[in-house]
There are 2 protein chains.
Amino acid sequence: MKTDFRDIKQYIRRRIVAGDWAPGQLVPNEVDLAARFECARATVNRAMRELAEEGLVERRRKAGTRVRSTPLHRPRFEIPFVRKEVEALGSVYGYRLIDRAAGPAPDWLKAQFGLETDIRALHLVCLHLADSAPYQIEDRWISLAALPDAEDNDFSEIGPNEWLISVVPFSDAEISFSAIAADAEAAGRLGCAAGDALFLTERSTWWNGQAITYVRLISRPGHKVTARY
Amino acid sequence: MKTDFRDIKQYIRRRIVAGDWAPGQLVPNEVDLAARFECARATVNRAMRELAEEGLVERRRKAGTRVRSTPLHRPRFEIPFVRKEVEALGSVYGYRLIDRAAGPAPDWLKAQFGLETDIRALHLVCLHLADSAPYQIEDRWISLAALPDAEDNDFSEIGPNEWLISVVPFSDAEISFSAIAADAEAAGRLGCAAGDALFLTERSTWWNGQAITYVRLISRPGHKVTARY
DNA sequence: GGAGGCGATATGATCAGACATATCGCCGAT
DNA sequence: ATCGGCGATATGTCTGATCATATCGCCTCC
């Protein structure tokens, strides 16, 4: 049995969570730990690097490695696309296009995209269903400057999110969560009362520095996103 | 100039986002890439491992490395504690204890903690202020079975979150976000109208498998959490 | 006593080689 | 034709050594 870098991680983690090594305190250096575990420094380095990545310790050249004084909490949320999400609930997924219109992008959208110039955009409103009941409203704007092909697609069968993933699978994005009150329109589409508290996910997406799409996802009442860490 | 594992990452990332290597397709193996970059396989390995960690590629022994067919989106949210959050807004942080009561844990809390046995718990309700205006309600339950010391603290000056961080800095947690309507009580405390949509953060925390605390953080209207990826 | 320079030191990264291990796909037996 | 076993192969990890680099803290000079 060789020493595994995981053993070292676990050892260090245990000493930290047990309080043997207090927050702010220096952790033994790599050479000492390597000697203690009778392994190569590279192995200790891997262990420490991952612990730093996880936010448990903080490393600085020459200064050494120390236990974070205030632990970092950076939960990672898995964001599946709607169809997967619905299917994971054991429900049958359904999709309906509500509205589709191409035209000049409104000013707020240009601002959202960080643009000065006038561009055309495709505006789509769709409804995602779980077992025929409304699950989520997708209110999306696609830049026709960046993706002219979008205009050829009528989006009556497949949702714009799945189409986009097939066209630009990898991109940069900014995502945010908030709570909004249902307006009359959203309430009608989701089958809830106006004023109900709804969970809103907003996402702006770029590809090679160019704005691609902005979407507002309004989930049915009671929606919750969860992460463990 | 030596080859940097970052160069290799960037090269692979570029080929993928440019579409040269399509989703589902096999990426050249480590030995070939090492030869191509005239570097050690360990360097390529580091690059590929990190790309896998980032969700861009998927690796399996013998099967090789392939571009993820559906890209993984796992945004990481930074969750600072309230005081830092308020100060980051440039506001003056304030704290007020509203209610404090110790007693047997209610059934729903035992269920939340995954417990069968009866335990005592400390229930705290506090208000966090930004420039003297309500910012967030903290409704917290602390297991007195796990943290008997909590009962000695009156929490009139410092919030339970900061106290907890000083006592159990490192722990496992489950966090979730949702939207709720303000009830009369919350509306009164936050100075908004009953029925307003509010952003709710819930967190359950464990230490060494033992339930420590459960908290509901109800933020003032308009609250938003954001991440980039 | 304050500023600035410099050496010691801990981490950052790479290398070439080795062995471990999961598993894909072929081939032979049924 | 189908199943099971087995070898080839790509990744997983460790080693021990070397060079690079940020930076802490002391020492000197004014």
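Each chain gets a letter, A, B and so on, in the order the sequences are listed, and its residues count up from 1.
Between B/Y229 and B/H73, the ring planes are tilted. Angles from 30° to 60° get that label. Taking the six-membered ring for Trp and thresholds of 30 and 60 degrees, B/Y95 and B/H128 have ring planes inclined between 30 and 60 degrees apart.
Atoms CZ (A/F5) and C1' (D/dT11) sit 13 Å apart, rounded to a whole Å. For the pair B/K9 NZ and C/dT14 P, the interatomic distance rounds to 11 Å; values are reported in whole Å. In this structure, B/D4 places its CG atom 11 Å from P of D/dT21, rounding to the nearest Å. Rounded to whole Å, the distance from CG on B/D7 to C1' on C/dT14 is 13 Å. Atom CD of A/E50 and atom P of C/dT11 are 16 Å apart (whole Å). In this structure, the CD1 atom of A/I8 is 13 Å from the P atom of D/dT13, given to the nearest Å.
Within 4.0 Å of B/R66, counting heavy atoms only, lies no atom of the nucleic acid at all. Among the heavy atoms of the strands lying under 4.0 Å from A/N45 are primed sugar atoms or P, OP1, OP2 only; no base atom is included.
For B/T65 and D/dT11, the shortest distance from a side-chain N or O to OP1 or OP2 is below 4.0 Å. Look at A/T43 and you'll find a side-chain N or O under 4.0 angstrom from OP1 or OP2 of D/dT15. Remark: B/R59 is not in phosphate contact with D/dA10, judged by side-chain N or O atoms under 4.0 Å from OP1 or OP2.
The ring of B/F77 has its center closer than 6.0 angstrom to the ring center of A/F77.
Across the interface with DNA chain C, nearest-nucleotide mapping of A/G64 and A/R49 shows A/G64 to be the residue nearer the 5′ end.
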For nucleotides 17-24 of chain C, which of its nitrogen or oxygen atoms have a protein nitrogen or oxygen under 3.5 Å away, and what is each distance?
{"residue": "C/dA18", "atom": "N6", "partner": "B/R41", "partner atom": "NH2", "Å": "3.2"}
{"residue": "C/dT21", "atom": "O4'", "partner": "B/R61", "partner atom": "NH1", "Å": "2.9"}
{"residue": "C/dT21", "atom": "O3'", "partner": "B/R61", "partner atom": "NH1", "Å": "3.2"}
{"residue": "C/dT21", "atom": "O2", "partner": "B/R61", "partner atom": "NH1", "Å": "3.3"}
{"residue": "C/dA22", "atom": "O4'", "partner": "B/R61", "partner atom": "NH1", "Å": "3.4"}
{"residue": "C/dC24", "atom": "OP1", "partner": "B/R60", "partner atom": "NH2", "Å": "2.5"}

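For the pair A/F199/A/V225, a side-chain contact is recorded, criterion being any heavy-atom separation below 4.5 Å from C-beta on. By the 4.5 Å heavy-atom criterion applied to side chains, A/R220 and A/P134 are not counted as neighbours. Side-chain contact between A/W163 and A/D149 is present, with at least one heavy-atom pair separated by less than 4.5 Å.
Less than 4.0 Å separates DNA chain C from at least one heavy atom of each of the following residues of residues 19-40 of chain A: A/N29, A/E30.
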Does the pair A/W21 and B/F170 meet the rule for a ring-ring contact (aromatic ring centres under 6.0 Å, His included), with working shown?
CA-CA 12 Å; A/W21 295 340; B/F170 303 97; over 10 Å; no
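Minimum interatomic distance between A/P75 and A/A227 (heavy atoms only, all atoms of both residues): CB-CB, 4.0 Å.
Among residues at least two apart or in separate chains, ring pair (Phe, Tyr, Trp, His ring centres under 6.0 Å) pairs with a member in residues 22-46 of chain A are A/Y11-A/F37.
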